[in-house]
Protein chains: 2
Amino acid sequence: MNKMIEYLLQFGSLDSEQIQFISDRGKVTTLVTNEYFSEAGKTPRYVGFILKGIFRTCYYNNKGDDITHDFIDENNFVTDMQKFEAQTAATEYIQAITDCEVIVFTKKDWDDIGKTIIGWDAITGQILRKCVVEILERRNFLVTEDATTRYLSFMKKFPSFINRIPLSYIASYLGMAQPSLSRIRKNIS
Amino acid sequence: MNKMIEYLLQFGSLDSEQIQFISDRGKVTTLVTNEYFSEAGKTPRYVGFILKGIFRTCYYNNKGDDITHDFIDENNFVTDMQKFEAQTAATEYIQAITDCEVIVFTKKDWDDIGKTIIGWDAITGQILRKCVVEILERRNFLVTEDATTRYLSFMKKFPSFINRIPLSYIASYLGMAQPSLSRIRKNIS
DNA sequence: CAGGACATTTAACAAATGCTAAAAAGCGTT
DNA sequence: AACGCTTTTTAGCATTTGTTAAATGTCCTG
């Protein structure tokens with residue numbers, strides 16, 4: 001739980017009573033590889049804070065291809081934010097792609113924290129802003145750069161992912177076919 | 001100013017005193033086509049709410065190409081959020097691509113609103129969440145779909161942009177060369 | 001309405017990437 | 001070590017997209 005509190009304290013201050021209030025509501029759970037944290041068509045039940053492991057968000061396009069939109073790893077919140085807030089059906093999957101350890105909060109507990117802790121909106125707002133910037137940075141270059149550049153940037157930003165994640169996920173995240181990614185890897189080395 | 005208040009009221013309630021407080025701090029200004037709202041290398045001075053016109057965010061990649069990242073139009077806030085909050089130098093330009101009319105807020109006034117109005121964080125947090133979802137929806141398909149599909153989706157989502165925006169901006173936004181976009185337009189019709 | 005500046009289209013060729021299927025490599029289990 | 005299963009690589013060919021430069025179109029100004 002401490003890792004999460006540390007994370008939160010980067011974005012605002014919390015006294016020990018508030019920390020206790022938050023801690024009391026988080027439950028540590030584990031997911032095994034390939035297990036879903038939330039599923040398309042179902043209402044997301046939890047916000048999670050990742051203690052260990054990597055998740056991906058993904059969906060099936062109209063050709064039936066499995067497309068990975070993003071990877072999320074240790075020391076980050078994971079949730080289908082808007083669908084969780086609105087408690088409506090998600091359109092994407094969130095899947096554990098390694099064994100994972102997560103602190104989860106139910107909607108009720110998350111709302112209670114928001115109502116109880118003055119400044120909670122400011123903290124989550126800041127986290128959100130940081131996430132937006134990161135997402136844009138990560139995804140903008142995917143649109144404009146060629147395949148080799150995209151892969152090199154990915155390696156640079158997520159060196160630890162290369163050997164922990166199936167190549168097919170990386171290929172679809174980078175917007176290319178898997179054989180193309182293989183070819184690129186060969187050319188680089 | 002009313003258009004902005006209406007927009008805000010979608011995300012939370014404000015009493016007439018609060019509305020007055022906000023209105024007193026916004027100044028209506030105009031920008032002509034090609035004028036910058038904020039510039040790379042400079043600290044953003046304003047948050048804006050667009051009453052009329054279209055902006056784009058853009059930057060120059062390492063080959064010197066002018067790349068458009070996004071379009072923003074009427075009835076939306078426009079700002080380099082994180083750089084504005086932190087008051088540090090921006091890395092992108094925000095440029096008017098039509099004549100524009102905008103309500104602007106200085107950093108000081110924006111902060112004063114945040115300090116004065118209870119629930120402001122909650123309102124801006126909601127707007128932020130909505131923006132994140134929209135940005136992701138708009139940009140995710142750019143990575144995985146082919147050029148024709150990307151253009152068709154763009155036309156569907158922004159039919160009014162096609163005749164108001166230079167094609168070169170649209171081409172770079174969609175991640176393709178301008179002659180490719182021309183070819184696609186020909187094939188479609 | 002002529003001229004100039006800028007935006008868009010066209011064409012031909014080059015390069016990159018997609019697609020398919022088969023081969024190879026890796027991995028866990030027995 | 002051998003087997004089955006999954007992942008990754010390879011190869012050849014088809015298709016898409018990029019690149020460059022010239023031609024055409026459009027709009028504004030004098």
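Here is how names work: the chains are called A, B, and so on, in the same order as the sequence lines, proteins then strands, and each is numbered from 1.
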Should the pair Asp73(A)-Arg164(A) be classified as a salt bridge under the 4.0 Å nitrogen-to-oxygen rule? no
Regarding Asp24(A) and Gln20(A), is there a side-chain donor-to-acceptor distance under 3.5 Å anywhere? yes
I want to verify a distance call: between dT17(D), dT8(D), dT8(C), whose nearest atom is closest to the Ala147(B) side chain? dT17(D)
Describe the nucleic acid contact of Arg185(A) in one word from base, sugar-phosphate, nothing, applying a heavy-atom distance below 4.0 Å. sugar-phosphate
For the side chain of Thr148(A), counting heavy atoms from C-beta on, which of dA21(C), dT17(C), dT10(C) is nearest? dT17(C)
Checking contacts here: which listed nucleotide (dT10(D), dT19(D), dT8(D)) is nearest the side-chain heavy atoms of Pro179(A)? dT10(D)
Please say whether the positively charged group of Arg25(B), taken as NZ for Lys or CZ for Arg, lies over the ring of Phe21(B), i.e. under 6.0 angstrom from the six-membered ring centre and within 45 degrees of the axis. yes
Distance flag, aromatic centroids of Tyr7(B) and Phe77(B), threshold under 6.0 Å: yes
Short side-chain N/O contact to dA11(D) OP1/OP2 from Lys186(A), under 4.0 Å: yes
Out of dT8(C), dT17(D), dG12(D), minimum distance to the side chain of Arg183(A) belongs to dG12(D)
Of the nucleotides dG18(D), dT9(C), dT9(D), which has the atom closest to the Ser180(B) side chain? dG18(D)
State which of dC19(C), dT8(C), dT10(C) makes the closest approach to the side chain of Pro166(B). dT8(C)
